There are 2 protein chains.
Amino acid sequence: MNSQSDNAVFQQHNHASCIHDALITAKKLCKERGLRLTDTRLRVLELIWQSHKPIGAYDILAQFGQEGRNSAPPTVYRALEFLQENGLVHRIASLNAFMGCVCPQEGHQGGFLICKQCKRAQEITEDTLRKQLLSLAQEQDFEVESMTLEISGLCTTCRTAQ
Amino acid sequence: MNSQSDNAVFQQHNHASCIHDALITAKKLCKERGLRLTDTRLRVLELIWQSHKPIGAYDILAQFGQEGRNSAPPTVYRALEFLQENGLVHRIASLNAFMGCVCPQEGHQGGFLICKQCKRAQEITEDTLRKQLLSLAQEQDFEVESMTLEISGLCTTCRTAQ
DNA sequence: GCTCAATTGTTATAACATTACATTTCTTAC
DNA sequence: GTAAGAAATGTAATGTTATAACAATTGAGC
């Protein structure tokens, strides 16, 4: 049993089915767009989803090693690049780590609540937030290409546990 | 003459006086708080302000080299750590670079508009934004410690120049 | 099956950051 | 003024993250 399984914020759904769903969605999405979700890419995406927290490129690489794939960094980074470009994965700059996107179909720019204690991250999908940020940039006559919003602190579980 | 000197967004004030003011403010602030703004720390802060765009730790190190200081990375990183801790400098995670804080007295969490073309960054000081983000986190019962907001795109000047 | 483009492999290296421990410099109490 | 302890800096080594450059392979469409 996962000790976090009762954490409403950080564990909104059954993890196994969530991984499964994410992969199904990714496959569908790639098919629709004529993108090649190759073995490597699929496996990287799977490992990212399997991790309950943001995962580093070299962690993925290490997993590849354990699985007998003798890959070098570019293999992983290229897969990550593909996944990011197509909105399947987000990079969290403040952690140098990667997370599966919970709503890849939307091509959005997510925000994250990152817990310093348990290292989990929760994606913020509020569209109102995004619109506010866009209008803020617009006020400055700034043309937004991408946004990085990473809020670091303590999640409910970790705070109450203290 | 600086080609960007007429850019209202990215060049809100005379740069020389802006550096000067920032250093004065920093000195005052450190004195008030009983902090030691040593030679190294002051010079790092100065170099950061002299750069018209976010500057990397190793760029600072290179400058140190040119000035005859034979410093190693820890020297610079320690100064940066001090400056960050005391709100004088922000780290921009998506760039691995540092910028002077325009309002160090407030101990705030800034946001940035980062231009991909000219590489300049403009700090967002809107307090309403900050409050909105805090309330958003609060809705999720998340205790905020720090925030990273980095919006990447094209500034007015670069967009109109295209 | 051939061709071209996309993907992956491979080697090396760049870029960013920290650890650990020695040395120096400051501050404070005497 | 000076000794003791704390703070800051020097130094060497290494850890971590990411990319460049070019070769080899694979896959899709003809």
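Residue numbers start from 1 in every chain, and the chains themselves are labelled A, B, ... in the order their sequence lines are given, proteins ahead of strands. Since the structure is predicted, the reported quantities are computational estimates derived from the model, not experimental observations.
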Euclidean distance, atom CZ of residue B/Arg78 to atom P of D/dT11 [Å, nearest integer]: 11 Å
Straight-line distance of A/Leu133 CG to B/Leu113 CG, nearest 0.5 Å: 10.0 Å
Length of the CG-P vector between B/Asn70 and D/dT11, whole Å: 8 Å
With the criterion being N/O to N/O and under 3.5 Å, what pairs connect the protein with nucleotides 2-7 of chain D, and how long is each?
none

Set of residues satisfying side chain to side chain donor-acceptor pair (under 3.5 Å) with respect to A/Arg43, sequence neighbours excluded: A/Glu46, A/Glu67
Evaluation steps, side chain to side chain contact (heavy atoms under 4.5 Å, CB included), between B/Ile151 and A/Phe142: CA-CA 9 Å; B/Ile151 298 178; A/Phe142 189 93; 4.1 Å; yes
First of A/Asn96 and B/Tyr58 reached from the 5' end of DNA chain D, by closest nucleotide: B/Tyr58
Candidate pair A/His90 and A/Gln84, rule side chain to side chain donor-acceptor pair (under 3.5 Å), full reasoning: CA-CA 6 Å; A/His90 291 294; A/Gln84 281 179 266; over 6 Å; no
Close side-chain approach of A/Ser94 and A/Thr148, heavy atoms under 4.5 Å: no
Toward the 5' end of DNA chain D, by each residue's nearest nucleotide, A/Asp59 or A/Pro74: A/Asp59
A/Arg159: salt bridge (charged side-chain N to carboxylate O under 4.0 Å, His left out) partners, not counting sequence neighbours: B/Asp141, B/Glu143
5' to 3' contact window, DNA chain C with chain A (heavy-atom distance under 4.0 Å): C/dT7 to C/dT11
Side-chain heavy-atom pair A/Met99, A/Lys53 within 4.5 angstrom cut-off: no
Interatomic distance, B/Leu134 atom CG to B/Gln132 atom CD [nearest 0.5 angstrom]: 10.0 Å
Rounded to 10 degrees, the angle between the two terminal axes of the helix from C/dG1-D/dC30 to C/dC30-D/dG1, each from five pairs: 30°
Atom pair distance, as rounded to whole Å: CG in B/Leu37 and C1' in D/dA8: 13 Å
Contacts of A/Lys116 that satisfy salt bridge (charged side-chain N to carboxylate O under 4.0 Å, His left out) - sequence neighbours left out: B/Glu145
Under-4.0 Å side-chain N/O to phosphate OP1/OP2 contact, B/Thr38 with D/dA8: no
Rounded distance (Å) that lies between atom P of D/dT9 and atom CZ of B/Phe82: 9 Å
Verdict with reasoning, B/Thr128 to B/Glu126, per side chain to side chain donor-acceptor pair (under 3.5 Å): CA-CA 5 Å; B/Thr128 48; B/Glu126 296 230 12; 3.1 Å; yes
Exam field: side chain B/Asp59 to backbone B/Ile55, donor-acceptor pair closer than 3.5 Å: no
side-chain N/O B/Thr75 vs D/dG10 OP1/OP2, d < 4.0 Å: yes
Pair of N/O donor and acceptor under 3.5 Å linking D/dG10 base with B/Arg69 side chain: no
Euclidean distance, atom CG of residue B/Leu61 to atom C1' of D/dT9 [Å, nearest integer]: 14 Å
